[in-house]
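Read through the structure below, which is laid out as structure tokens, and then see the notes.
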Number of protein chains: 2
Amino acid sequence: MKKPTTIHDIAKMANVSSATVSRVLSNSSYPVSKELKERIQQIAKESNYIPNMLGKQLKKNSSNTIGVIIPSIVNPFYSSVIFGIEEVARQNNFTVIVCNSLQDPALEDEYLRTIMEKQVKGLIISSISKDKSQLTQLMKLGLNVIAIDQKIDEDNVNQIEFDYHKAGYLATKHLQEKGHERIGYVTSKLDRPSRRSIHQGYMSAMKDAGLKPLVVESQTEEVYNAITEFDTGKQLTQKLLEHSPQPTAIFACNDMMAFGVINELSRRDIQVPEQVSVMGFDGIDVGQMIHPPLTTIKQPDYEMGKMACKMLLDMMQGDDSPMFDVMLQPKLLERKSIRDIRGEGK
Amino acid sequence: MKKPTTIHDIAKMANVSSATVSRVLSNSSYPVSKELKERIQQIAKESNYIPNMLGKQLKKNSSNTIGVIIPSIVNPFYSSVIFGIEEVARQNNFTVIVCNSLQDPALEDEYLRTIMEKQVKGLIISSISKDKSQLTQLMKLGLNVIAIDQKIDEDNVNQIEFDYHKAGYLATKHLQEKGHERIGYVTSKLDRPSRRSIHQGYMSAMKDAGLKPLVVESQTEEVYNAITEFDTGKQLTQKLLEHSPQPTAIFACNDMMAFGVINELSRRDIQVPEQVSVMGFDGIDVGQMIHPPLTTIKQPDYEMGKMACKMLLDMMQGDDSPMFDVMLQPKLLERKSIRDIRGEGK
DNA sequence: TCACTTGTAGTAATCGTTTACTATAGTAAA
DNA sequence: TTTACTATAGTAAACGATTACTACAAGTGA
């Protein structure tokens, strides 16, 4: 590895002090004669000068890096979030360090530490860890944090959440409005707050309508994996269909699972939506590519990423920003997997 | 922002020199008496000491960061690659900076610069830029680079490629072996080497079998977007079906596009695979969730990420590692979207 | 002429760590 | 007793960049 050019090298070549070089190359407002300025810029260019951010940031004691911790980048939901974060970060000359916690609290803490060592100025985190002690401690030390997606039950944490409860309610309500009364809910393990909220939303809607809830919950707790979700959807559907009378509609806690539901129903020659309607959750793109196109609840993932990054940048600027807790609203994406059965006998 | 604890603070508290603190806290092999060592560790813990990597890496002139530049993280193919990279990186105490070039050469160069300023020790890049001058220049300066997915036609660049040509050939051959002779190929714009290679693979296979190729190419050049690919697949299918006699099989250059093909066929009440067979390309998970499950070509994306990171780490270690150019082999994922029409009249 | 200001450039300390040297005391060998 | 070594700890100079000071010449006004 060749030794890279530094401002000192350039200073020597130009027969000036490194202070002057620094002032020129960092676009300081400090006055430098035009002639000298141009000469230095010329030399810098010729010698392929690349500023060393380690030095700069060490001196200025501030980096232009933000950390992001999410469960898994292969989950299309989170990759959209990150995409939004990155876009805003880049526009503001920030770079992003992305870490996959894989829903492992130990890994989450490890990354938290690594990120701090790298002197990030802010953190966007979707935390699944129950023990938030390390995180809150870092916040006390002055780390700017925005919690996304997964609510953190601590004071003084700025949050951007999805309104999972309303989303669950909305989905269930929609099915009811289409005339469905026996609505089954299939869900992965109710271990995360977000999942519990959707479930509660479903429960509320059923209760409000005076209907009997019907829930099957997966017991295996796993890292996100599209195929696993799909298979779970199939299995839970089997269980659900054991109930009698059978539901006329099935609401799944995520789109991949909904695909599994549809698949299992097709396998049994049960037509969707003619015989059973299916409601998804997430609004991933492929939902509209399958048959029938999946009616689902869209969480504004990309927008959440952009918003989180913007607000984090704001926080990092001033000390006077108020605390906030944003609730992003779900949106119903009405497609073709739900049948209107109003007015039909049973 | 509170001022963080430094080794000097700890040194003062422990009444020792900062050199000693450094030696203890960085697990140096330098001998420090057991008693003192424990005292320092104790104080470090109590005062929430977090080492400042900027200082450390500046001094040691080496960071434990690698850069990754890919077209877009929302493309599930690349998010798998990154996932693999990250996994290996973490195991080796490296962190990753991911940059989405969005297939914009200017952005690619911008990121290249940013990454260099951050003093990364290595780079994994899927480059779409035609002008590789900045990249080669950085390599001359000593940057370790591994090109993935998109071949870089320069000497001295270590590569990990997919054998796109063979993949295209394999897909076409498989259709032929199932008795298909009129095989259409639908592809997005042939502007990238990888896409051209698949196309050539298709062409070779058709030529070898003495069959007439039938290609429709999209003319719009765009950033990856699942829906766009899907729509393109539909449009190109329409065009393809204008030909007479109509093809009995359609090969699409990526899975999303294949979904579009299937969708358009269904819309016209053409059964897949009964009337027309469909071959995809990529092997994304949802391919097996749709109806019919999509037969496709799998590129080992996750494995490529792991391999790239491992080899990069090796490169960064020794100066004696040989140049390499790895060709990862495609794999046929046989599912249900292709019908065997051998022995049938016509 | 003197006192000030202005424009421009240099000096040197500093950010947090590491590490080549140096220093000291205790111990062992001669 | 002298010499030599060992174990342990401190001193101070880096790494690359920034910046509060200082320096100094030329210009300005009285």
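Order of the sequence lines sets the chain letters (A, B, ...), proteins ahead of strands, with each chain counted from 1. Since this is a predicted model, take the numbers as computed values, not measurements.
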Per-nucleotide protein contact along nucleotides 16-21 of chain C, 5' to 3', at a 4.0 Å heavy-atom cut-off (B base, S sugar-phosphate only, - neither), is BBBBBB
Rounded distance in Å - [atom1] ([X]) to [atom2] ([N]):
X	N	atom1	atom2	answer
A:N27	D:dT19	CG	P	13 Å
A:L36	D:dA25	CG	C1'	16 Å
B:I40	D:dT8	CD1	P	13 Å

Out of curiosity, A:I70 CD1 to A:I125 CD1, how far, rounded to the nearest 0.5 Å?
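Here the interatomic distance stands at 10.5 Å.
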- OH of A:Y49 to OG1 of A:T6: how many Å apart, nearest 0.5 Å?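 So the OH of A:Y49 and the OG1 of A:T6 are separated by 7.5 Å.
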Taking only residues at least two apart or on different chains, which pairs with a member in residues 54-79 of chain A satisfy ring pair (Phe, Tyr, Trp, His ring centres under 6.0 Å)?
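Sorted pair list: A:F77-A:F162.
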Exercise. Answer whether the closest heavy-atom distance between the side chains of B:N144 and B:N158 falls below 4.5 Å.
Key: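 The answer is no, as the side chains (C-beta and beyond) never meet within the 4.5 Å cut-off.
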- Message: Does any part of the side chain of A:E108, heavy atoms only, come nearer than 4.5 Å to the side chain of A:S129, both counted from C-beta?
- Response: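 A side-chain contact under 4.5 Å exists here.
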- prompt: Is B:N15 touching bases, backbone alone, or none of the nucleic acid, heavy atoms closer than 4.0 Å?
  reply: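 The answer is sugar-phosphate, as B:N15 gets under 4.0 Å only of primed atoms, P, OP1 or OP2.
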**Item:** Who pairs with C:dA30 - Watson-Crick or G-U, where each distance is under 3.5 Å
**Value:**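 Across any shown strand, C:dA30 pairs with D:dT1.
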| Partners of A:T114 by side-chain contact (heavy atoms from CB on, under 4.5 Å), sequence neighbours excluded? |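 Only B:T95 meet the side-chain contact (heavy atoms from CB on, under 4.5 Å) criterion with A:T114.
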Notebook entry, point to check: What nucleotide among D:dG10, C:dG10, D:dA9 has an atom nearest to a side-chain atom of B:S33?
Noted result: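 Selected nucleotide (nearest to the side chain): D:dA9.
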